[in-house]
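Note that this is a predicted model, so its numbers are computed, not measured.
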Amino acid sequence: MPIRRRIGLAYLSGALPCFEDFGNLPTDLIRKDGLVDGKPASEILDMLIIPGGSLIESQSINPIISEEILKMAKTGKFLFGICSGLQVLAKQTNVSHSSKTPLIREGLGLIDAELQPLICTDQVKAHIVNPSFLSEAVNMEVSGFHCHTYGKIVLHDDAKPVLLSHVERVNYRKTPQDLISGVANKNGNVVGVFVHALLDQNPAIVAGITKSLGINSLELQEIRKANAKLVLEMKDEIGINTNIRPAANGVIKKKAPVMVLVTALGSGSGKTFLVTGMAGALRKKGLSVGLIKLGGDVRDSVPALYLVKESMKGYSSIKISESGWVSPYEAVEQACRVHDFLFVEGAMSAFTGLLNSKISRPASTLEVAASLGAPIVVVVTCDKEGIEGGLVNVLNYVKVLKMLGVNPVGVILNKMSTSYLTEDDLQTIKRAFQNVGVELIGVVPSLKFEQRGMIPEVEICYETFGTHALDVAERYINLDQLVKLAVAPKQINIDYVDFVEKFKKLLTNYSTFS
């Protein structure tokens, strides 16, 4: 049976076409040439989904794509933008959340609204507040998650809200409130939302879309078949428009899924950049790679998900204190069902939060590592204190980790000035780490990138960030060694009170390298 109603998915640099499943509805990809089956997309498609990503920062909505989107809107066809896709459809976005001076990025103006900085990464419940092609069921409750930096919607005369989210945390603080999270144009055929997984977690939304498009059950079955082929096509590429394919037979896979937890001496170490690169490189070698973030700021996992073409799931965030989604073992146990290799990215330092007795446990990366028996890879930056200072700091760091009974296995030296290091110096460094029971798995030199879009949480272009990260991982990280050091997670019952007391006792009795 030929597919009568065709639903497109924007497959452009900076887009996240596998970040969610979109109800398994997309049947066709629209690339930078704006064509579907050799014809203008506006002539073929009945609906276009514009996914999240860094589309505005990447400037990947070129004049050809813009024209096709505008034609679809004008002829009453359906447009559905999610997160960055909403930015594309709106009038403008102020992307200068770290400055008082506005930095405006123009959208297509199909939705009479503008977006302002507001960070939210909650799992949410929301309600339909006005009808659109998504649903006519006003007051219906739906679920999903937020993962955005520019989440404040300012409505103008010709826009109407369609979705209201009930969030607990914004801008890193617990401030429960209701936020407009979906908005439509006056005619209701153009809708943008901030709620990811809206189609995946809410069958009623898929039913609303198929009803609006006049799709019957038999046609939906054909659409799902086409979608399954489309997903395989997308996942057969690392990133977008790279022509890099995963190896059919890559690194030797272990019998059970394995993991490493990546932490650092503090924020700004480059661990998100390195995790992104290592994830992409292992996917390129043929492994199925999963990403989990400690704490609620799942934005850190998005660049890696862009490369490995995996979706954000309910297990993608480990709860520490009041921030995050699910417990540590629940997260890794679910992820191990579908992935060969897991990266768990820590939050700040491994020790951050350990002495805070006013918050719920686990409250630190270190406690999570202990509860999972996780092998730990430590990233240390050497740009501020030099190689020598960085080495002393990380050697002390590793010793404290071992004294607390956790399992540091590897170190990556990042942002190093290597010009004066001799081979003998490098061998001395390797022996120093081996003497404390860890392996040096990477020496990454100081690298300067002139392109904008290289700073997570500020302004990021996923294709730029991901391309550089992948190159760095392949050039400077011993990936085979990394895989050997990974182990299967296990559930360990931790008495957090005793664990903290052990840390306090260590502090008062600590003697360097004794």
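- Using a 4.5 Å heavy-atom threshold, the side chains of Lys77 and Asn189 count as separate.
- In this structure, the side chains of Ile61 and Glu106 stay at 4.5 Å or more apart for every pair of heavy atoms.
- When side chains are defined from C-beta on, Leu305 counts as touching Met312, because their heavy atoms get closer than 4.5 Å.
- Ion pairing between Lys293 and Asp297 fails under the 4.0 Å rule for side-chain N and carboxylate O.
- His148 and His196 share no side-chain donor-acceptor pair at under 3.5 Å.
- In this structure, the side chains of Phe343 and Leu482 come closer than 4.5 Å at one or more pairs of heavy atoms.
- Checking Arg299 against Thr121 by side-chain atom types alone, no donor-acceptor pair falls below 3.5 Å.
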Take Arg169 and Asp122 through the test salt bridge (Lys or Arg N to Asp or Glu O under 4.0 Å) and record every step on the way to the result. CA-CA 7 Å; Arg169 298 174 65 88; Asp122 276 2; 5.3 Å; no
Side-chain atoms of residues 86-93: list all donor-acceptor pairs with protein atoms under 3.5 Å, sequence neighbours left out, distances to 0.1 Å.
none

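- Applying the salt bridge (charged side-chain N to carboxylate O under 4.0 Å, His left out) rule to pairs touching residues 230-247 yields Arg31-Glu233, Lys235-Glu310, sequence neighbours excluded.
- Considering only heavy atoms from C-beta on, Pro176 stays 4.5 Å or farther from Val167 through its side chain.
- Side-chain atoms of Glu20 and Ser311 form no donor-acceptor pair, as typed in the model, at a separation below 3.5 Å.
- For the salt bridge (charged side-chain N to carboxylate O under 4.0 Å, His left out) test, residues two or more places apart in sequence or in another chain that qualify with Asp46 are Arg5.
- The existence of a salt bridge linking Asp21 and Lys313 is confirmed by a sub-4.0 Å separation between a basic side-chain nitrogen and an acidic carboxylate oxygen.
- The aromatic rings of Phe194 and His146 are tilted relative to each other, their planes meeting at an angle between 30° and 60°.
- Counting only heavy atoms from C-beta outward, the side chains of Glu114 and His156 approach each other to under 4.5 Å.
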Report the C-alpha separation of Trp325 and Phe145 in whole Å, then their side-chain angles, then the decisive distance to 0.1 Å, and conclude whether the ring-ring contact (aromatic ring centres under 6.0 Å, His included) test is met. CA-CA 10 Å; Trp325 297 354; Phe145 67 91; 5.5 Å; yes
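- Side-chain atoms of Thr272 and Glu345 form a donor-acceptor pair, as typed in the model, at a separation below 3.5 Å.
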